[in-house]
Protein chains: 2
Amino acid sequence: MERLTIIDIAKLCGVGVTTVSRAINNHPDINEETKAMVMKVIKENHYVPNNSARNLKRSDSKTIAVLIKGISNPFFSPMIKVFEKEIQRKKYSFILQRVDENQDEIEVAIELEKEKRLKGIVFLGGLFSHSQEKLQQLTVPFVLSTIGMTEEFDLSNYSSVSVDDFNESYKIVDYLCNLGHEKIAVITAPEDDVSIGKLRYEGYKKALSDHGIAYNERLVRRMKEDIDSYSMENGYAVTKELLESGEEFTAIFTLSDSMAIGACKAIFEAGKRVPEDYSVAGYDGLDISFYYNPSITTIKQPVVEIAEASIKILFDLINKKVNHAHQIFPAELIVRESTRSIL
Amino acid sequence: MERLTIIDIAKLCGVGVTTVSRAINNHPDINEETKAMVMKVIKENHYVPNNSARNLKRSDSKTIAVLIKGISNPFFSPMIKVFEKEIQRKKYSFILQRVDENQDEIEVAIELEKEKRLKGIVFLGGLFSHSQEKLQQLTVPFVLSTIGMTEEFDLSNYSSVSVDDFNESYKIVDYLCNLGHEKIAVITAPEDDVSIGKLRYEGYKKALSDHGIAYNERLVRRMKEDIDSYSMENGYAVTKELLESGEEFTAIFTLSDSMAIGACKAIFEAGKRVPEDYSVAGYDGLDISFYYNPSITTIKQPVVEIAEASIKILFDLINKKVNHAHQIFPAELIVRESTRSIL
DNA sequence: TTGTACGCGTTATCAT
DNA sequence: ATGATAACGCGTACAA
């Protein structure tokens, strides 16, 4: 019952290891009968090839990896399904690799590329401020999906797909302003954020300024660093503090739908209503923003399209069809029940 | 810039490969200076060891894998965090392996065990009806976490941790009955389900029967097979049909919190209220069941404790401290706003 | 403390 | 169509 190798199978079959290998890998140069015989012996003895050995020896491999930071973020769920489907459709293998919050995704990628002989990589989540030097160690093409970058990189050696976080954020805050709101609180990222958090926050500020609304620092609240970022819990805790501070506001914009839901909960617990007492606006367009009561006004990111485009670009790169591309998708302002006009 | 191996590094350093290997793996028998020098050269040249080769050669490896079916199920999110933390704390490596919906988790496990020289495995999600023959190919200990089994297996060669789905389900339906509800709809799994779906459904039936309530087939609704099982969308679609069918009911029990939320949405869209018009009860105790409006009455599974116990048992097995254990955790009926008495 | 040489299990090359 | 054998990149007896 212990581990048996391809050599054992070869002996059992009375053939050479090459033949067994051919049977396993659907190689053409093999007699159908011997192949069937070999496969039968393999089944009977529960032989399972060792992937490490295969990867070590193989040169190609047709597998692409998706590296994802924050794997329990519901925002990624539909994207993962798209990746799985599309990669399978192209007859490639799909590896979903979780990367730890305090892990360097590029290092993980470099290692994985060697180990699995990857053909391409998709990065999902996390910030992205890596040295060119490091990026150049990645010898296969990769695309950044839904990753905001404020720092300007040399855009010529990788691809990206995302929405315009600055403008989309502007769009929804502008909408709130047009509803007559002037005291608009925001739950944003910690000050040192250089990613989507910063971009969305800048959009908020710009919208206020364009509407001639004075910037009120006390309405700018930061996510708590000891709680999962962008989570319901975080939105809840921050909003609760805001309400208890006594600072007046009529609307609150949170940088994620999850935080919007947390905000609503805090408002309910304070005995207030949404949107009658406070308008609440989110960002992302998660399924739950539709199902929540009240349903949440939000910026809906076209996640499926983004995922599809990411994969398409990646395969184009793999097939040398194109150079690196940077695709920006439009997001949609979806007006729902959680916001109201106060004019 | 192309792939360089441990031999190249050895040459660059003017030492043997063994020394380089020792430097990499923190082996004791090496001079601190040479080690520092080797590490420096490695950094400078961006050498990254090939994991396939390492895994192939290694015999031990101290890594444990968590195989998870339905990785985007929010129910698993807190558990993953526990696994990560606990496994790290034991100085083991943690591999999170997604297994496709129509993939055999045991086969994946067998392959992974060989490839990564695993020390232990945790299975999360999915049904579990595998032949003994197959299970015996797994030579490392494994524990089934949150996986319901109706078919009776030989319990002596694996471990499991879960709640008593039958009794917990009974508990919440019993609660509804005590509130005066007699027309209690249920959204359950497809008829061929042999896992938690069946157990929870049996609990529902038993509770009704114990309260002398006649079983009404038209109140038993099955999840749609073309929609994600246990999802909000599924609960929404099924409840919508139920409401449109005109069949009378005063409460609805869904086999998951997500479906409960979908049910609420459908009820709202029909112009009705929860719990004034319909009581809604869920199952699982997801975070969202607290944040939802109205908050959802549910059976809260002690996910953190379950995950912790799973890991503890696994390590005990690895260290040969114990034999296989089957631990049942009590779940908690949490009464919230979505249910009311109609007496 | 350090280096040489072999083996891990598989696939690719080159014969036959 | 099939088989012998040399890599793949690394860890580790064993020798030095």
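Throughout, protein chains are lettered first and strands after them, A, B, ... in sequence-line order, and every chain is numbered starting at 1.
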Give the intermediate values and the outcome of salt bridge (Lys or Arg N to Asp or Glu O under 4.0 Å) for residues B/Glu308 and B/Lys312. CA-CA 6 Å; B/Glu308 284 171 350; B/Lys312 181 173 185 332; over 6 Å; no
Residue pair A/Ile71 / A/Phe76, side-chain heavy-atom distance below 4.5 Å: no
Quick one: does A/Ser310's side chain get under 4.5 Å of A/Phe83's, heavy atoms only? yes
In terms of the angle between their ring planes, are A/Phe142 and A/Phe123 parallel, tilted or perpendicular, with boundaries placed at 30° and 60°? perpendicular
Are B/Tyr230 and B/Phe75, when compared by the centres of their aromatic rings, separated by less than 6.0 Å? no
Taking [atom1] from [X] and [atom2] from [N], how many angstroms apart are they, rounded to a whole number?
{"X": "B/Leu56", "N": "C/dT10", "atom1": "CG", "atom2": "P", "result": "9 Å"}
{"X": "A/Leu4", "N": "C/dC8", "atom1": "CG", "atom2": "C1'", "result": "15 Å"}
{"X": "A/Asn51", "N": "D/dC8", "atom1": "CG", "atom2": "C1'", "result": "15 Å"}
{"X": "A/Arg58", "N": "C/dG9", "atom1": "CZ", "atom2": "P", "result": "17 Å"}
{"X": "A/Asn55", "N": "D/dC10", "atom1": "CG", "atom2": "P", "result": "14 Å"}
{"X": "A/Glu115", "N": "D/dC10", "atom1": "CD", "atom2": "P", "result": "12 Å"}

A/Tyr47: ring-ring contact (aromatic ring centres under 6.0 Å, His included) partners, not counting sequence neighbours: none
Kindly state which residues belonging to residues 9-33 of chain B come within less than 4.0 angstrom of DNA chain D, counting heavy atoms of the residue only, listed by number. B/Thr18, B/Ser21, B/Asn25
Select from B/Arg117 and B/Thr34 the residue whose nearest nucleotide in DNA chain C is closer to the 5' end of that strand. B/Thr34
Is B/Arg54 close enough to D/dG11 that one of its side-chain N or O atoms is under 4.0 Å from OP1 or OP2 there? yes
Kindly indicate whether the side chain of A/Lys57 and the base of D/dA7 share any N or O donor-acceptor pair separated by less than 3.5 Å? yes
Output, in order, the C-alpha distance, side-chain angles, deciding distance and verdict of side-chain hydrogen bond (donor to acceptor under 3.5 Å, both in side chains) for B/Arg54 and B/Asn25. CA-CA 11 Å; B/Arg54 307 182 90 172; B/Asn25 300 306; 2.6 Å; yes
Are the charged groups of A/Lys81 and A/Glu86 less than 4.0 angstrom apart, N to O? no
Please determine if B/Lys116 and A/Glu115 form a salt bridge, counting it only when a charged side-chain N lies under 4.0 Å from a carboxylate O. yes
At 10 degrees resolution, what angle do the end axes of the helix from C/dT1-D/dA16 to C/dT16-D/dA1 form when each is taken over five base pairs? 40°
